[in-house]
Amino acid sequence: MSKTIVVALGGNAILQPKQEGTYENQLNNVRTSSKFLAKLIQEGYKLVITHGNGPQVGNILRQNEEAEDVVPPMPMDVLNGESQGFIGYMMVQCLQSELNALGMDAPVVNTLTRTQVSQNDEDFNDPSKPIGTFYTEEEAKKLQAERNWNMKEDSNRGWRRVVPSPQPINILEADTIKQLAEAGNVVVAGGGGGIPVIKKDNGEYEGIEAVIDKDRSGCKLAEEVNADVFMILTDVDHVFVNFGTADEKALKDISVSELESYVEEGQFSKGSMGPKVESALNFAKNTGTSIICSLEKVDEAVRGNSGTIISG
Ligand SMILES: Nc1ncnc2c1ncn2[C@@H]1O[C@H](COP(=O)(O)OP(=O)(O)O)[C@@H](O)[C@H]1O
Ligand SMILES: NC(=O)OP(=O)(O)O
């Protein structure tokens, strides 16, 4: 039986920090990403793809705020839903066309996905999720003072607005996603970490304003669909220790306990590599193999020849 891989595709793969952010920019990036993802399908893996939305949801939020005098702004859970539709649409178009070009006829579907979170999550008091574009420190401090935005430095790449990012508890559509994948569909799901919802006392779900980290929700999704492998695709070939210093060292094959000791040293930053390592560790501890690698080397990594490969 063919193995199932859940892939979490980095926001960088859809919109790079230095790009303007036009539809054409993003469509081209998704087209390129699809070529790499199609290799996994060509090799016979069942694929569930989740993706980031940090740049996009930040831009949609900005559009809502700038136009608030003429169009009523929508809450952030709705904006997450919009970004799932927008990015999911591009992924379905590009991946389907790439598969057809390779002579494969697997249907590609995008599933609107909700992720349950807790309204008591500590990130609501100290937001950590960077969204939207990058600013200089001076611009960031001005925006913080004038617009009351919460601004933080993002992995030495500049300053960004941050919003609450609660831990995912449960992927509400997981069973449907699993059935779709088992039936031979390529499934795009849980985009932007899923639409954050809380469960009320009467058992109903209600949206809450936040952006869930897609690596964390991707791990939950991988657990809930019983994936064999959880791959986090980003723009670096490996996880590094002493990242950005003269002593930096790439991690290749690594055990859970060794990687945990680097986490305890504080090697991985909160808004970028931290959640990836945390999510990869959780999956490797409880379920299967985790791989953090670059999108471009995804097929090498799945064969064990690139990336940081974490096993129990
Ligand atoms: N220890 C580390 N090892 C590798 N990359 C790191 C590390 N710490 C921070 N990074 C940064 O994390 C970035 C990837 O995180 P992020 O931009 O959030 O990814 P994505 O958008 O692809 O999900 C890399 O481009 C790199 O600059
Ligand atoms: N939601 C999310 O994790 O987005 P990015 O990967 O773009 O930060």
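For ligands, and for the atoms within them, numbers begin at 1 and follow the listed sequence.
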- Any luck finding a side-chain donor-acceptor pair between S128 and D123 under 3.5 Å? yes
- Message: Need the ligand 2 atom indices (1-based, order shown) with element for anything under 4.0 Å from a heavy-atom of G192.
- Response: 1 (N)
- Note on the structure: heavy-atom search around atom 6 (O) of ligand 2 in the protein gives K214 NZ, 2.7 Å
- Task: Using a strict cut-off of 4.0 Å, indicate which atoms of ligand 1 neighbour a heavy atom of S269.
- Result: 8 (N), 9 (C)
- Message: How far is atom 4 (O) of ligand 2 from the closest protein heavy atom, and which atom is that?
- Response: N53 N, 3.0 Å
- Query: Numbering the atoms of ligand 1 from 1, which are under 4.0 Å from a heavy atom of H238?
  - Reply: 4 (C)
- Task: Would you mind checking which non-hydrogen protein atom is closest to atom 26 (C) of ligand 1, with the distance to 0.1 Å?
- Result: F243 CZ, 3.5 Å
- Message: Using heavy-atom distances only, which candidate in Q16, Q267, M273 approaches atom 5 (N) of ligand 1 most closely?
- Response: M273
- If we only count N/O pairs under 3.5 Å, is K276 in contact with ligand 1? yes
- Query: What's the shortest distance from atom 17 (O) of ligand 1 to any protein heavy atom, and which residue and atom give it?
  - Reply: R157 NH1, 2.6 Å
- Message: If the contact criterion is a heavy-atom separation under 4.0 Å, does G52 count as touching ligand 1?
- Response: no
- Query: N/O to N/O below 3.5 Å, does that happen between D215 and ligand 2?
  - Reply: no
- Specify the protein heavy atom at minimum distance from atom 1 (N) of ligand 1: its residue, its atom name, and the distance to 0.1 Å. F240 O, 2.8 Å
- Check ligand 2 against V211 and write out every atom of the ligand that is under 4.0 Å from a heavy-atom position of the residue. 1 (N)
- Message: Salt bridge or not between K141 and E137? Use side-chain N to carboxylate O under 4.0 Å.
- Response: yes
- Item | Matching residue for I254 among I309, L259, L281, V239 - test: side-chain contact (heavy atoms from CB on, under 4.5 Å) | L259
- Query: What protein heavy atom is closest to atom 8 (O) of ligand 2, reported as residue, atom name and distance in Å?
  - Reply: K129 NZ, 2.8 Å
- For side-chain hydrogen bond (donor to acceptor under 3.5 Å, both in side chains), just list the numbers for T32 and N29, CA-CA rounded to whole Å, side-chain angles, deciding distance to a tenth of an Å, and then say yes or no. CA-CA 5 Å; T32 306; N29 293 338; 5.4 Å; no
- Note on the structure: The residue among L180, V108, V109 that forms side-chain contact (heavy atoms from CB on, under 4.5 Å) with V186 is V108
- Task: For the residue pair E265 and V241, establish whether any side-chain heavy-atom pair is separated by less than 4.5 Å.
- Result: no
- Message: Does the plane of the ring in F86 sit parallel, tilted or perpendicular to the ring in Y23? Use 30° and 60° as the thresholds.
- Response: tilted
- Query: With a cut-off of 4.0 Å, which atoms of ligand 2 are near a heavy atom of G52?
  - Reply: 2 (C), 4 (O), 5 (P), 6 (O), 7 (O)
- Query: Which residue owns the protein heavy atom closest to atom 14 (C) of ligand 1, what's the atom, and how far is it?
  - Reply: T234 OG1, 3.4 Å
- Note on the structure: Within 4.0 Å of some non-hydrogen atom of K214, the atoms of ligand 1 are 23 (O)
- Query: Is there at least one pair of N or O atoms, one from D215 and one from ligand 1, spaced under 3.5 Å apart?
  - Reply: no
- Message: Taking the side chain as everything from C-beta on, heavy atoms only, tell me whether D213 gets closer than 4.5 Å to K129.
- Response: yes
- Item | G54 N/O under 3.5 Å from ligand 2 N/O | yes
- Message: Within ligand 2, which atoms have a heavy atom of P55 less than 4.0 Å away?
- Response: 7 (O)
- Note the single closest protein heavy atom to atom 24 (C) of ligand 1, along with its residue, its atom name and the distance in Å. D235 OD1, 3.3 Å
- Would you please determine whether E248 falls within less than 4.0 Å of ligand 1 on a heavy-atom basis? no
- Taking the inter-plane angle between the rings of F243 and F240 on a 0 to 90° scale, is it parallel (under 30°), tilted (30 to 60°) or perpendicular (over 60°)? tilted
- Message: If you measure every N or O of I212 against every N or O of ligand 2, does any of those distances drop under 3.5 Å?
- Response: yes
- Ignoring hydrogens and angles, state whether a donor on the side chain of N28 or R31 is under 3.5 Å from an acceptor on the partner side chain. yes
- Query: Does the side chain of V57 come within less than 4.5 Å of V163's, by heavy atoms?
  - Reply: no
- Query: Taking atom types as modelled, is there a side-chain donor on S279 or D215 under 3.5 Å from an acceptor on the other?
  - Reply: no
- Task: Answer yes or no: is there an ion pair linking E224 with K220, defined by an N-O contact shorter than 4.0 Å?
- Result: no
- Item | Carboxylate-amine/guanidinium proximity below 4.0 Å for R147 and E65 | no
- What is the nearest protein non-hydrogen atom to atom 9 (C) of ligand 1, stated with its residue, atom name and distance? S272 OG, 3.4 Å
